[in-house]
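Read through the structure below, which is laid out as structure tokens, and then see the notes.
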Amino acid sequence: MTLPMSDPTAWATAMNNLGMAPLGIAGQPILPDFDPALGMMTGIPPITPMMPGLGIVPPPIPPDMPVVKEIIHCKSCTLFPPNPNLPPPATRERPPGCKTVFVGGLPENGTEQIIVEVFEQCGEIIAIRKSKKNFCHIRFAEEYMVDKALYLSGYRIRLGSSTDKKDTGRLHVDFAQARDDLYEWECKQRMLAREERHRRRMEEERLRPPSPPPVVHYSDHECSIVAEKLKDDSKFSEAVQTLLTWIERGEVNRRSANNFYSMIQSANSHVRRLVNEKAAHEKDMEEAKEKFKQALSGILIQFEQIVAVYHSASKQKAWDHFTKAQRKNISVWCKQAEEIRNIHNDELMGIRREEEMEMSDDETKETEESALVSQAEALKEENDSLRWQLDAYRNEVELLKQEQGKTHREDDPNKEQQLKLLQQALQGMQQHLLKVQEEYKRKEAELEKIKDDKLQVEKMLENLKEKQESCASRLCASSQESDYPLEKTMNSSPVKSEREALLVGIISTFLHVHPFGASIEYICSYLHRLDNKICTSDVECLMSRLQHTFKQEMTGVGASLEKRWKFCGFEGLKLT
């Protein structure tokens, strides 16, 4: 980085006033015959660039300051920076893993070689896809190269020294979304996810506590080994775990009960040892506390002596003989010593408070024990009084039982009368229940008879229906054979009244308008607008009689199958 220095003499004068050797930005001496002892500011020692806080490197550029772009010269073209007062060019949102940029505004005469010459300064180019419409896509090897390429957005490009429009253009560089970039980014993310999962798995395996060793099955040999281990203090915890597992598995039975009892007895023998160990550790802890308290009190005494030295030095008799820097150091040291002394003093007071609280806890325990003893005595007295009251209640109950036995003997005739009345009432209820059961059976029989009659009537009705159907079929056959001339007469005049003739005309007109036919419901809905008394069955019967005028067809497939009537009067006229 180079900065212009218009007047080196002024620069050297300013550094000379500060007592510094006049150096340039690059560190070269400006005045070789400079004498540091000839500084213009007396009383200040000469300053060297190696002193802390006085480096010759300028401070970093703040992020808010706009970056000034410069002209970029290439072999075949020149890039001119945009106006710094204009806002920065707009860009789209950056796709994940973007390594491809869109470059627009290229000169019409621009070639792929010129594009490579301009953008290879940003980094390694993997591929270029150039279009005929003055734009291209460039794919770089790394993602950070895209940021360097975006720096060129807004530059004006000129090929050589030509001023022709085909040799000039304004570059617009923006992020581009490419499938290859997205695929590589997804692969990288999956790889990172696999590495993270592997790292977590390894961390979990590292932090997982080791699984306990498997416990052997019970046998007499293993029992003797465990019994020996129970007697050893170093192997006691392992042996106790084995004993616990055997008991939980249900290995205890009549044959092995004595062995298990001996092992439990061996485990019980360690209780006294553990209590003694705890007492020894508590004694060691008390001794360590006492030593710590004594050492802390000695440290506090020395701190008090040091603080007293500082205070005595701060008095006017000695204070006036120290310099300002020495006074400042003494005051700082005094404050630090006082703070440390106060911290240690608070710690010592906390230890004493804990001891006082333990003493008070012991006193409260003693008072609680005495209170419990007094409560136990009071409960004993209450128990004795309750026993005496219970004996008195028992005597009273026995007396009451004797009196009740006497009264029962006196009330025997009254009870016999009551029992007789109750027996009579029960007999009456039994007789009534028998009558109800007989009526229920009789009604059930009647209901069965009615059901049988109903079945017989249904069978008779079915037989009558069958006979009627057979008779109707016979009559139809006979009418078809014998009444053929009568049918001709009926066919000659199918319309019986003027009303039917009107209906035929209206239906014919309606169906003539609907060449694809209409259902009987649709026709009747149209006729009901004219007359509400028209019946659908009558209309269908009339249309079925006029076979040469109307015909019925089936339309649709499957569920959409539908019967439709069509007008065929013109065809019928030709046939007749």
Does the side chain of D174 come under 3.5 Å of the side chain of T91 through a donor N or O and an acceptor N or O?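 Looking only at side-chain atoms, T91 and D174 do not form any donor-acceptor pair under 3.5 Å.
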Does a donor on one side chain and an acceptor on the other come within less than 3.5 Å for H311 and E338? yes
According to side chain to side chain donor-acceptor pair (under 3.5 Å), does anything in residues 246-259 pair up with another residue at least two apart or in another chain? List the pairs. Y218-N259, N253-S256
Quick check against the 3.5 Å criterion: does [X] have a side-chain atom that pairs as donor or acceptor with the backbone of [Y]?
{"X": "K69", "Y": "Y151", "value": "yes"}
{"X": "H270", "Y": "L230", "value": "yes"}
{"X": "E287", "Y": "D284", "value": "no"}
{"X": "N329", "Y": "A325", "value": "yes"}
{"X": "R156", "Y": "F80", "value": "no"}
{"X": "N383", "Y": "L379", "value": "no"}
{"X": "S266", "Y": "S262", "value": "yes"}
{"X": "T100", "Y": "R139", "value": "no"}

Ring pair (Phe, Tyr, Trp, His ring centres under 6.0 Å) between F102 and F135, intermediate numbers included: CA-CA 7 Å; F102 166 83; F135 70 87; 5.5 Å; yes
Restricting to salt bridge (charged side-chain N to carboxylate O under 4.0 Å, His left out), what partner residues turn up for R200, sequence neighbours left out? E196
